[in-house]
Amino acid sequence: MKTQHSKKLYIVCFIIIWLAQMVTAFYFCTRKQGFHEDEYYTYYSTARTNGFYVEDEQWMSRETYRDEFVVLPGQQFRYGLVKQVQSWDVHPPVYYWVFHTVASLVPGVFSKWIGLSVNLFFHGINLILLANLSYLISDRNKTLSLIVTLFYGLTPAAISGVVFIRMYEMLTMWVLLCAILHVRAVQGLNSDHIAMPNEHNSEERRLPDCDGERVGAYIRRLPVRGFLIPIAVVTYLGFLTQYYYFIFLFFIGAAFCIRLLWHDRNFGNCLRYGLSQLIAFALAYLTYSSFPGQMFHGQRGAQATENFFDLSNTTERLRFFWNLLDEYVFGKMLVWLLLVLVLLAVTAYALNGRRKAAYPRQRKHGMEETQQKAGDIRLSQCEIQKQQGMKVDGAWCLLAFAVVGYFLAVSKTALLLGDTSNRYQLPIYGIIVLLIFDGIYRLGKMCVSAIVKETSGGFEKIIRYFSLVIVPVCLVVDLVGLIGNRVVFLYPEDEQQVEFARDRAAAGTPAIYLYQIGAEWCIWDVTNELLEYSEVYFASTDSVNAMNDEKIRQAESLVVYVADGADVDAQLGRILESNSGLTEYQELMFEEKYCDVYYLK
C-alpha cells in the first residue's frame with residue numbers, strides 16, 4: 001500500500017512539474033519576435049516552391065518572396081522534394097519531413113508556431129524521457145528523478161532549445177532514447193535478457209554484477225525485440241535527424257561493447273549488437289544516400305574534420321563550450337558543484353575505508369540469502385543486487401563515458417557562434433545534470449551511511465530535509481537565468497524593426513535591398529521585415545551606377561537595406577543620384593546582423 005501511494009505521489013508531482021515547464025516554454029515561445037537565419041532555412045527547405053532567386057535591379061512581390069517559405073495549397077506532403085533539397089545542403093531529412101508534414105496541414109501559412117509546435121511536442125517527450133533515465137540511473141530514486149527534471153527543464157539552455165526552430169529538440173529525444181535503451185540493457189531490466197538457473201537453461205552463461213563478481217543470474221543473448229530492434233530503429237531515425245547522433249552512439253556503443261566483453265565474456269553479443277547498428281546504417285544509406293558525402297566531403301564535413309585534427313584550437317574550444325554549459329545550464333555554479341562532488345568522494349573514501357573488513361562477510365550472507373530466494377523465479381540483475389546491498393554504477397559510468405566523449409568531440413568540431421552554439425551540446429545537457437546530481441547523491445549516501453545506521457532511517461530523513469532546501473535553490477538558479485535574458489533565439493529587438501517596416505509600408509515607402517553576389521542567403525535574416533512591404537527592389541552592390549527604375553526616381557522617401565561589406569557612401573550615392581528629390585539619408589537606431597538599414601528622404 002505504501003509503495004502504491006509513493007508511486008501515485010511521484011506521478012502527480014511529475015505531472016505538476018511537467019505542466020509548469022511546458023507552460024514556461026510556451027510563454028517564452030510567445031516572446032519570440034524574430035528568427036535566426038537557420039530558422040528561415042528550415043521553412044525554406046521544407047516549403048521551397050521555385051527557389052529563392054534574386055534578379056538584379058528587379059522588384060520581387062511579397063507573394064513571390066513569401067511562397068518560398070510556405071507550403072502552397074496543392075503542394076503538400078512532397079517528401080521527395082524535401083529530401084532532394086536537403087541533399088544539396090548539409091543535413092539529413094527526417095526532421096524536415098516532420099516539419100513539412102505540420103506545414104502541409106496549414107498550407108499558405110507562414111508562422112513561428114509551425115516550428116514551435118514541433119519543438120514543444122518533442123520537448124514534452126524529452127522531459128518524460130529525462131525523468132525516466134534519471135529514475136533508472138538513480139536506482140529508482142523518485143525524489144532525485146523529480147529534482148533533475150525540475151532543474152533542467154527550466155534552465156535557459158532547455159528553453160532556448162525549444163524556441164530555436166531547428167532539429168535539436170528532436171535530436172535530444174533520440175539521444176535520450178539511445179541512453180535509456182543502453183542503460184536498461186546494462187541493468188538487465190528486460191526479462192528476456194536475465195533468467196535464473198533451472199532445468200531449462202542450466203547451460204546458459206553466468207552474468208557478473210557491476211563489481212565484476214558472479215551472482216545468481218544467467219545471461220542468454222541480447223534480446224532482439226527488447227533491445228536490438230529498438231536501438232536499431234532509434235539509430236536509424238536519430239542518425240537521419242542530425243549527424244551528431246553518431247558521435248553519442250559511437251561513445252556509448254564503445255563503452256557498452258567493452259562492458260559486454262569485460263563482464264559477459266560473450267563476443268557473440270557484441271557481434272549481434274554491431275550487426276543491428278550496421279543494418280540501421282545500411283537502411284539509412286538506402287533512404288538517404290547523400291549522407292556519406294555530407295559527412296566527409298561537404299562544406300561542414302570538411303570544416304569539422306579540419307577543426308577536429310587542429311590541436312592548436314583545443315583549449316580555446318573546450319573553454320568556450322565549458323563556459324556555455326556553466327552559464328546557460330548551471331547558472332555559473334558548475335565549478336562549485338564539481339568541488340562538492342570531489343569533496344564527497346574524498347570523504348566517502350576515507351569513511352568507508354574502515355568498513356572494508358566487514359564488507360566480505362555481509363556480501364557473502366547477502367548472496368546466500370538471494371540464492372535461496374531466487375529458486376526458479378526470474379529476477380532482474382538490479383533486484384538481485386539491491387537485495388545484496390551492492391551499488392549499481394555500471395550504467396552511470398556508461399553514460400559518463402558517452403557524455404564526456406560527445407562533449408569533447410562536439411567541442412572540437414562544432415561552429416563557434418557565441419551563445420547560439422548551445423544548440424550543439426543541447427542533447428547531453430540534461431544527462432550532465434543527471435550525472436552530477438546523482439553523483440552527489442550517491443557519494444552523500446555513502447558518507448552518511450558510514451555514520452548513520454541504515455535501519456534508523458537517518459539517511460532518508462536527511463534526504464527529505466535536503467530536498468526541502470535543494471528544490472528552492474534549483475528554482476532560484478533557473479529563475480535568475482530566465483529573468484537575466486539568458487534565453488537565446490528570442491530576438492526581442494526585431495519587434496521594433498518589424499514595426500518600423502510596417503509603418504513605412506503603410507505610408508507607401510518603397511524598400512530596396514542592396515545585396516552582395518554570392519551572399520544572397522543573408523537576405524533571409526530580415527524576411528519578417530521584407531514581408532511587410534508589398535514588393536522589394538533588389539540590386540547588387542557590384543554596381544555603383546544610378547538606378548533607372550521609375551518608382552525609385554519618383555519616391556519621396558526610401559528604406560534601404562545595405563549589405564555588410566558594401567561601400568555605403570557609394571551605394572547610397574547611386575540612389576541619391578537616381579532621385580534628385582532625396583537630399584539626405586539617416587542611419588536608423590538599429591542595425592541588422594548582415595546589413596544596415598537607412599532611411600532616405
Side-chain angles (χ1 to χ4, degrees), residues 21-49 52 62-63 65-73 75-76 82 85 91 95-126 156-173 241 417 419-420 422-423 426 482 485-502 505 521-533 590 592-594:
Q21 292 176 333
M22 292 301 293
V23 168
T24 302
F26 180 82
Y27 166 73
F28 278 95
C29 287
T30 64
R31 292 185 56 192
K32 183 178 177 67
Q33 299 296 331
F35 297 83
H36 188 276
E37 64 267 20
D38 286 352
E39 295 178 289
Y40 283 121
Y41 181 76
T42 298
Y43 285 82
Y44 170 77
S45 61
T46 56
R48 184 178 185 273
T49 303
F52 187 66
R62 176 196 295 139
E63 290 71 23
Y65 189 97
R66 183 173 172 273
D67 285 351
E68 299 304 320
F69 297 92
V70 301
V71 175
L72 297 178
Q75 296 183 2
Q76 301 102 306
V82 173
V85 172
H91 293 297
Y95 167 76
Y96 298 95
W97 282 337
V98 174
F99 191 97
H100 179 73
T101 300
V102 176
S104 295
L105 298 176
V106 284
V109 174
F110 176 75
S111 169
K112 66 179 181 180
W113 292 107
I114 294 176
L116 293 176
S117 63
V118 174
N119 279 6
L120 285 168
F121 174 77
F122 287 121
H123 180 63
I125 294 176
N126 292 339
I159 302 300
S160 296
V162 178
V163 298
F164 184 49
I165 305 175
R166 293 290 278 168
M167 73 290 293
Y168 296 97
E169 283 293 336
M170 190 177 185
L171 172 63
T172 301
M173 180 184 70
T241 297
L417 303 172
D419 52 10
T420 65
N422 265 312
R423 53 184 148 166
L426 178 69
L482 296 179
N485 297 321
R486 290 180 184 167
V487 177
V488 194
F489 306 113
L490 294 179
Y491 304 107
E493 66 277 5
D494 279 23
E495 182 177 13
Q496 179 186 356
Q497 298 163 6
V498 172
E499 185 65 28
F500 172 82
R502 186 177 298 119
W521 60 271
C522 294
I523 299 172
W524 291 346
D525 187 58
V526 291
T527 291
N528 53 348
E529 297 174 45
L530 298 185
L531 287 177
E532 295 296 331
Y533 298 97
F590 55 83
E592 308 287 0
K593 184 175 182 179
Y594 297 110

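- For the residue pair Tyr40 and Asn528, a side-chain donor N or O sits within less than 3.5 Å of a side-chain acceptor on the partner.
- Taking 4.5 Å as the limit, some side-chain heavy atom of Tyr65 sits within range of a side-chain heavy atom of Thr527.
- Pairs passing the salt bridge (charged side-chain N to carboxylate O under 4.0 Å, His left out) check and including a residue from residues 25-36, sequence neighbours excluded, read Lys32-Glu39.
- Across all their heavy atoms, Val71 and Ala103 have their closest contact at CG2-CB, 3.7 Å.
- In terms of the ring-ring contact (aromatic ring centres under 6.0 Å, His included) criterion, residue partners of His100 (sequence neighbours excluded) are, by chain and number, Tyr79.
- Crowding of Glu495 atom CD: a count of heavy atoms from other residues, nucleotides or ligands under 6.0 Å not exceeding 12.
- Between the side chain of Asn119 and the backbone N or O of Glu169 there is no donor-acceptor pair closer than 3.5 Å.
- Residues forming a side chain to side chain contact (heavy atoms under 4.5 Å, CB included) with Cys522 (at least two apart in sequence, or on another chain): Ala519, Tyr594.
- Applying the ring-ring contact (aromatic ring centres under 6.0 Å, His included) rule to Tyr96 yields no partners; only residues at least two apart in sequence or on another chain are considered.
- At a threshold of 4.5 Å between non-hydrogen side-chain atoms, the residues Thr42 and Phe35 do not count as touching.
- Counting heavy atoms from C-beta on, the side chains of His91 and Asp38 never come closer than 4.5 Å.
- In this structure, the separation between CD1 on Ile159 and CG on Leu490 is 10.0 Å, given to the nearest 0.5 Å.
- Across Val82 and Thr46, no two heavy atoms sit closer than the pair CG2-O, 4.1 Å.
- Looking only at side-chain heavy atoms (C-beta outward), Val85 and Tyr41 come within less than 4.5 Å of each other.
- Residues Thr30 and Lys112 share a closest heavy-atom pair of O-NZ, 3.2 Å.
- Asp525 and Lys593 get closest at one heavy-atom pair: OD2-CB, 3.3 Å.
- Side-chain contact between Val102 and Phe121 is absent, with no heavy-atom pair separated by less than 4.5 Å.
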Determine, stepwise, if the pair Glu529 / Glu592 fulfils side-chain contact (heavy atoms from CB on, under 4.5 Å).
CA-CA 11 Å; Glu529 297 174 45; Glu592 308 287 0; 2.5 Å; yes
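- For the atom pair His123 NE2 and Asn126 CG, the distance stands at 7.5 Å (nearest 0.5 Å).
- Between Phe69 and Trp524, the ring-plane angle classifies as perpendicular under the 30° and 60° cut-offs.
- Between Trp113 and Leu116, the closest side-chain pair of non-hydrogen atoms falls below 4.5 Å.
- When the salt bridge (charged side-chain N to carboxylate O under 4.0 Å, His left out) test is applied to Glu499, the partners found at least two apart in sequence or on another chain are Arg502.
- Heavy-atom minimum distance, Gln33 versus Tyr491: CB-O, 3.2 Å.
- A centroid separation of less than 6.0 Å is found between the aromatic rings of Tyr43 and Phe99.
- Residues that satisfy the ring-ring contact (aromatic ring centres under 6.0 Å, His included) test with Phe28, not counting sequence neighbours, are absent from this structure.
- Counting only heavy atoms from C-beta outward, the side chains of Leu120 and Phe26 approach each other to under 4.5 Å.
- Under a cut-off of 6.0 angstrom, the local environment of CZ in Phe110 is crowded, with over 12 non-hydrogen atoms contributed by other residues, nucleotides or ligands.
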Before you tell me yes or no, could you show the steps for Tyr168 and Leu171 under side-chain contact (heavy atoms from CB on, under 4.5 Å), namely the whole-Å CA-CA distance, both residues' side-chain angles and the distance that decides it to 0.1 Å?
CA-CA 5 Å; Tyr168 296 97; Leu171 172 63; 4.2 Å; yes
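- Side chains of Val498 and Glu532 form a contact here, defined as non-hydrogen atoms less than 4.5 Å apart.
- Atom CE of Met167 is separated from atom CE of Met173 by 13.5 Å, given to the nearest 0.5 angstrom.
- Listed here is the closest heavy atom pair of Arg486 and Ser160: O-OG, 3.9 Å.
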